[in-house]
Q: 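Take a look at this one; I'll ask things after.
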Amino acid sequence: MDGFCDGDMGAVHIGEQLHFRELLARFEEGKSFGLVAGFCADLLPPWAILLIGSSVGLVGYGTQWLVVSQRIAPPPLWQMTIAMCLGGNSTTWMNTACLLTCLRNFAGSRGTISGLMKGYIGLSTAIFTVLCSSLFTGNSSAFLLLLALLPFGVNAAAMIFMRPVPASTSAKEDKEEQTGFNIINIIAGALSFYLLAYSIGADFINSYPVANKIYAIGLAVFLGLPLVVPARLLLSDRSARRAARNAAESVSSAEENRVPLLKDAQASHSEAESQVEDSSGDGGCELTSTEGDDTKHKELKLGDDHTAWEALLTVDFWMLFVTFLCGIGTGITVMNNFGQIGQSLGTTDVAIFISFISIFGFYGRIAAGSVSEHYARKLALPRPFWMGLAKLLMICGYLYMGVGAPGSLYVGSIVVGAAYGVHITITVPTASEMFGLTSFGLIYNILVLNIPLGSFIFSGLLAGFLYDREAAKNASTGVPGFGQLLSKWLYADTPKTCFGAHCFGLLFNIMAVTCAFGLVLDIFLTLRLRPLYQSIRRKRNAITRVASGLRNGR
């Protein structure tokens, strides 16, 4: 752990930089114990989940800081393992609490909100890389202290403000909501370019300590800019309340004035839902019957609130699970092995390609959320359509990289990064629309088990086996027969390196076939979910019309 942030990040050996990024990626994801966080998120309020996550991170990273800064003696290995596990998995509590609360608060904009949150998570690795190289060069213990204290402080503030609020119930509120999302999208896009500029000019920026500090200050400004959206809404809400109060004083009684605005909105939303319930129809897809002989027969449909167990008993859940595994598992394999992929194709420095994966992964997440939301509203187009389109691009990218064509590293980094981002974003609103939000915390964390599972299957097992096999062929020298066998025996315990397109050629072909299978599932899911999305569209439009009518009537 010593030297974690030592040296110039723009000049360090590529293996060390990739190792640093891998550690930060683990900090970003932390999915190993997500099931516990998901289960608790369905039972506890958001502030409690944030408190647990920030406390776990404080203990985990705080212990590592105490050890690295030599304030305590190194504990036994099993205790240090627990500390690292706690630190790495603290983020899953925070991610689950924030994602679940935002989906419930902005239920009509699930794709947009998922794209924004996943986009910022995708940039977090690059953000912490900049902070480490700008502020903590040569002081790894200070960086660990930052990981312990910064999330705890941010979550302490979020516990105060994060709470359920009524969803938008009118065209005006929905327009205001979309305006806020658009502002944050613009800020996030500018932040991505800012981080990309650092990746390109890291050597120059890191050579001047003052420039490093200025860049870090600029990054802090970018991270604080999204606060202008709630500030703007707070000011407009106060103005609206003041205008409503003045108007009400002249036309109504004082008792009527004391009715809270949010309560009135909630009443309008509930009243609207009750009026459109019959008109929305049974647009869902029938799954099972759930009542006994002498009880009322009730059908459980896609779109209804499912428990995690009820979702696991459906074929639809496992189709979504498998198609997500096909896309996310193959994508993470390329990211985990890009250093060796570049080396096999004759490129020693793949830092720029790693940056492309991160940046275009962000674009894929943001675009997938906004575009899928637009077409779900306008055309009732099911979101799995966009996962299928992403897999089609992945198939082309894998086949192109498999033959080692010119520019394949550029094509692969851009295509895989963007397509991976699409899968990360699209799965969240799709699952919530299929199985509801009541038990979504646990359902979501079951789905994201695909991240460590896909990494283990495709990257740890398949890629490692195929690469070692091709490397062993290169290491085998001598005439066929006894000489070749002797060569294999002599070099059995030495590290093997493979050069040429054949090193990963078979792996890319297998991953292309895997994505083709996932594409078939996406097509089936798109057709299967078409009635559900048509029903969601009809109900959303009906609620907006009725709620607007109720408010105009008042």
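Nothing here was measured: the structure is a model prediction, and the numbers come from that model. Values below: all heavy atoms of this structure, side chains included; hydrogens, waters and symmetry mates excluded.
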Q: Checking side chain to side chain contact (heavy atoms under 4.5 Å, CB included) for the pair Met511/Phe508: CA distance, chi angles, key distance, verdict?
A: CA-CA 5 Å; Met511 293 196 300; Phe508 283 125; 3.5 Å; yes

Q: Rounded to the nearest 0.5 Å, what's the gap from CD on Glu177 to OG1 on Thr179? Could you check?
A: 10.0 Å

Q: Between Ser109 and Glu373, is any side-chain donor less than 3.5 angstrom from a side-chain acceptor?
A: no

Q: Just so I know, are the side chains of Glu433 and Val428 near enough to count as touching, which here means a heavy-atom distance under 4.5 Å?
A: no

Q: Below 30° counts as parallel, above 60° as perpendicular, anything between as tilted: where do the rings of Trp386 and Tyr375 land?
A: tilted

Q: Apply side chain to side chain contact (heavy atoms under 4.5 Å, CB included) to residues Leu442 and Thr307 and explain how you reach the verdict.
A: CA-CA 9 Å; Leu442 184 55; Thr307 65; over 6 Å; no

Q: Verify the distance criterion only: is there a donor paired with an acceptor across the side chains of Ser439 and Asp305 at less than 3.5 Å?
A: no

Q: Taking atom OH of Tyr194 as the centre, report whether more than 12 heavy atoms of other residues, nucleotides or ligands fall under 6.0 Å from it.
A: yes

Q: Within the 3.5 Å criterion, strictly below it, is a donor on Thr438 or Asp42 matched to an acceptor on the partner's side chain?
A: no

Q: If we only count heavy atoms from C-beta on, is the Tyr533 to Thr430 side-chain gap below 4.5 Å?
A: yes

Q: Can you find a pair of side-chain heavy atoms, one from Leu50 and one from Cys98, that are under 4.5 Å apart?
A: yes

Q: Spell out, as yes or no, whether a donor-acceptor pair under 3.5 Å connects the side chain of Arg530 to the backbone of Ala380.
A: yes

Q: Hey, what do you get for OH (Tyr444) to CZ (Phe435), rounding to the nearest 0.5 Å?
A: 16.0 Å

Q: At their closest point, which heavy atom of Phe458 faces which heavy atom of Leu325, and how far apart are they?
A: CE1-O, 4.2 Å

Q: Taking atom CZ of Phe524 as the centre, does the number of heavy atoms from other residues, nucleotides or ligands within less than 6.0 Å exceed 12?
A: no

Q: If you compare all heavy atoms of Met401 against all heavy atoms of Ser408, which two are closest, and at what distance to 0.1 Å?
A: CG-O, 3.5 Å

Q: Do Val322 and Phe517 touch side chain to side chain, with heavy atoms closer than 4.5 Å?
A: yes

Q: Quick one, Ile187 and Leu191 - any side-chain contact, counting heavy atoms below 4.5 Å?
A: no

Q: If you measure only the distance, is there a donor-acceptor pair under 3.5 Å linking the side chains of Arg383 and Ser372?
A: yes

Q: For the side chain of Thr427 and the backbone of His423, is there at least one donor-acceptor N/O pair under 3.5 Å apart?
A: yes

Q: Check whether any side-chain N or O of Ser54 sits under 3.5 Å from a backbone N or O of Leu51 as a donor-acceptor pair, and report yes or no.
A: yes

Q: Please assess Tyr398 against Asn509 for the test side chain to side chain contact (heavy atoms under 4.5 Å, CB included), listing each intermediate value before the final yes or no.
A: CA-CA 7 Å; Tyr398 291 154; Asn509 290 332; over 6 Å; no

Q: Keeping Ser455 on the side-chain end and Pro452 on the backbone end, is there a donor-acceptor pair under 3.5 Å?
A: no

Q: Look only at the side chain of Ser370 and the backbone of Ala367, and say whether a donor-acceptor pair between them is shorter than 3.5 Å.
A: no

Q: On a heavy-atom basis, which atom in Ile49 and which in Trp93 lie closest, and how many Å separate them?
A: CG2-O, 3.3 Å

Q: Without swapping roles, check the side chain of Arg377 against the backbone of Gly108 for a donor-acceptor pair under 3.5 Å.
A: yes

Q: Side chains of Val334 and Phe338: closer than 4.5 Å at any heavy-atom pair?
A: yes

Q: Can you tell me how far apart CG (Leu389) and CG (Leu519) are? Round to the nearest 0.5 Å.
A: 9.5 Å

Q: Do the side chain of Asn89 and the main chain of Leu86 share a donor and acceptor less than 3.5 angstrom apart?
A: no

Q: Angle class for the Phe106/Phe181 ring planes (parallel below 30°, perpendicular above 60°, tilted otherwise)?
A: perpendicular

Q: Hey, would you say the Phe353 and Tyr410 ring centroids sit under 6.0 Å apart?
A: yes

Q: Is Thr96 reaching over with its side chain to a backbone N or O of Ala37, donor-acceptor style, under 3.5 angstrom?
A: no

Q: To the nearest 0.5 angstrom, please state how far the CG atom of Leu453 sits from the CZ atom of Phe321.
A: 5.5 Å

Q: Would the distance check show the side chain of Arg365 and the main-chain N or O of Lys118 forming a donor-acceptor pair, the cut-off being under 3.5 Å?
A: yes

Q: Please report the closest heavy-atom contact between Ile395 and Ala512, naming both atoms and the distance.
A: CG1-O, 3.7 Å

Q: Side-chain contact, heavy-atom cut-off 4.5 Å: Ile366 with Asn185?
A: yes

Q: Which heavy-atom pair separates Ser192 from Ile359 by the least distance, and what is that distance?
A: O-CD1, 3.7 Å

Q: Just to verify, which of Thr514, Leu507, Leu462 counts as forming a side-chain contact (heavy atoms from CB on, under 4.5 Å) with Thr333?
A: Leu507

Q: Under 3.5 Å, is there a donor on one side chain and an acceptor on the other for Ser432 and Arg110?
A: yes

Q: Is it the case that the side chains of Thr323 and Lys391 hold a donor-acceptor pair, with the cut-off being a distance below 3.5 Å and no angle test?
A: yes

Q: If I compare all heavy atoms of Trp47 with all of Met159, which pair ends up nearest, and what's the gap?
A: O-CG, 3.8 Å

Q: Do any N or O atoms from the side chain of Arg537 and from the backbone of Leu379 form a donor-acceptor pair under 3.5 angstrom?
A: no

Q: Measuring from atom CD of Glu310 to atom CG of Leu312, what distance do you get when rounded to the nearest 0.5 angstrom?
A: 10.5 Å

Q: Any chance you could measure Cys326, atom SG, to Asn450, atom CG, to the nearest 0.5 Å?
A: 9.0 Å

Q: Do the non-hydrogen side-chain atoms of Thr314 and Phe317 ever get within less than 4.5 Å of each other?
A: yes

Q: Quick one: do Tyr400 and Val415 satisfy side chain to side chain contact (heavy atoms under 4.5 Å, CB included)? Show the steps, please.
A: CA-CA 11 Å; Tyr400 192 77; Val415 168; over 6 Å; no

